[in-house]
Chemist: 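I am attaching a structure below and will ask some questions about it afterwards.
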Amino acid sequence: MEDIRRPENMERITTKELAQAFIDEQVAQIRAQVGDKKVLLALSGGVDSSVVAALLIKAIGQNLVCVHVNHGLLRKGEPEQVIEVFRNQMNANLIYVDAVDRFLDKLAGVSDPEQKRHIIGEEFIDVFAEEARKLDGVEFLAQGTIWPDILESEAGIKAHHNAGGLPEDIASRFELVEPVRILFKDEVRMVGNELGLPANMVYRQPFPGPGLGVRCPGAITRDRLEAVRESDAILREEFAKNGLEGKVWQYFTVVPDFKSTGVKNGQRTFDWPCIIRAINTTDVMEVTVEHLPDELIDHLVKRIIAEVPGINRVLYDFTPKPPATVEYE
Ligand code: XMP
């Protein structure tokens, strides 16, 4: 039976000193657990896996093998940042897998949201397992499990992603390394800061596992997916410029699968709309809409229309949750 208690005497990590003490303790613990053996980690570039990677690099350097799978549904600049931060700056042993065509080919023509999620999840495991099978002598698997994952799994809300749903032949080869399992999200961020990770990685807004796939409703096409990616990049850039990064909980764009008539330079256009969603919440069960200043909305409309091919209309989603969910699928 797994011991699921957070150590009773553990102080909440609220200062740099406590974060540093945690790092020192974990580095020693990781070294004691894995010795000179190799550890494998699926590194998405999200906060949890990035902090785990940085801790393990500090503890065991090149004996950590990171696998970053680009499934084509990541935000603009994300794979490049993972390579820059981990391979170039931290000198990590990083395997970058370009699986874009593989994912998009499997998803072609699939419009059912649950089937899309299922394909993305299965394919991810397949790609990761293939990489794992190629590696010899790796005995440990690191995971970015955090304390709320353990509580949710205990409460029966969500399965604790033990060995990430890997097939048995792979999962049984590994012992788990979960250095942030006793931390809350804000503590993971404090530790990430102390480890020198960039602020936009540490304070990233939530991003769903199926990525931009759920923001390209219906059957994903490459051109519409690019419209989602480009409009999302503009929105993030403008939020950062206007001091809204880290203040609004989640913000993104959606490009639905229908077209409407417009006019540009005296010519008729027939293109997609781009929907902006910006929301706040404390518990994710109930979500309120962030009301942006009119000037910012005007500016976003102009930029998205001018810079994103295939868009001729920009809409703002004023619907709270409930009745709407955060994502469109
Ligand atoms: P919903 O749409 O359920 O979203 O109101 C609530 C929060 O969960 C995120 N989300 C997901 N995260 N895999 C994830 O890892 C998913 O399939 C998924 N669907 C939604 C969503 O971005 C929001 O923060």
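Being a predicted model, the structure only gives us computed values, none of them experimental. Read the numbers this way: they start at 1 and go in the same order the structure lists the ligands and their atoms.
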Chemist: Number the atoms of ligand 1 from 1 as they appear, then name those within less than 4.0 Å of a heavy atom of Thr325, with their elements.
Modeler: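 Checking each atom against Thr325, I get 1 (P), 2 (O), 5 (O).
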Chemist: Give me the nearest non-hydrogen protein atom to atom 5 (O) of ligand 1 as residue plus atom name, then the distance to 0.1 Å.
Modeler: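 Its nearest protein heavy-atom neighbour is Lys321 NZ, 2.6 Å.
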Chemist: Between Arg277 and Tyr251, is there a donor-acceptor pair closer than 3.5 Å when you use the side chain of the first and the backbone of the second?
Modeler: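 The answer is no, because no donor-acceptor pair under 3.5 Å joins these two groups.
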Chemist: On a heavy-atom basis, I'd like to know which of Pro322, Pro206, Gly209, Ser44 is closest to atom 14 (C) of ligand 1.
Modeler: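 Looking at heavy atoms only, the winner is Gly209.
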Chemist: Is any side-chain heavy atom of Arg268 closer than 4.5 Å to one of Thr261?
Modeler: yes
Chemist: Can you check whether Asp36's main-chain N or O pairs, donor with acceptor, with Asn63's side chain at less than 3.5 Å?
Modeler: yes
Chemist: Pull out every atom of ligand 1 sitting under 4.0 Å from any heavy atom of Trp249, numbered as shown with elements.
Modeler: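 Those atoms are 24 (O).
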Chemist: Identify, for atom 24 (O) of ligand 1, the protein heavy atom at the shortest distance, and state residue, atom and that distance.
Modeler: Gln250 OE1, 2.8 Å
Chemist: Determine whether a donor-acceptor pair (N or O, by modelled atom type, separation under 3.5 Å) exists between the side chain of Lys302 and the backbone of Asp298.
Modeler: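 No, Lys302 side chain to Asp298 backbone: no donor-acceptor pair under 3.5 Å.
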Chemist: Side chain of Arg229, backbone of Leu74: donor and acceptor closer than 3.5 Å?
Modeler: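 Answer holds: yes.
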Chemist: Counting heavy atoms only, which of Arg215, Glu327, Arg117 comes nearest to atom 19 (N) of ligand 1?
Modeler: Arg117
Chemist: What orientation do Phe103 and His71 show, parallel under 30°, tilted 30 to 60°, or perpendicular over 60°?
Modeler: perpendicular
Chemist: For Val202, does its backbone N or O pair with a side-chain atom of Arg189 as donor and acceptor, under 3.5 Å?
Modeler: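 Answer holds: yes.
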Chemist: Counting from 1, what ligand 1 atoms have a heavy atom of Val284 closer than 4.0 Å?
Modeler: 6 (C), 7 (C)
Chemist: What residue and atom, counting heavy atoms only, is the protein's closest point to atom 16 (C) of ligand 1, and at what distance?
Modeler: Pro210 CD, 3.5 Å
Chemist: Please list the nearest protein heavy atom to atom 11 (C) of ligand 1 with its residue and the distance rounded to 0.1 Å.
Modeler: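 Here the nearest protein heavy atom works out to Pro208 CB, 3.4 Å.
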Chemist: Who's the nearest protein heavy-atom neighbour of atom 4 (O) of ligand 1, and how far?
Modeler: Val326 CB, 3.5 Å
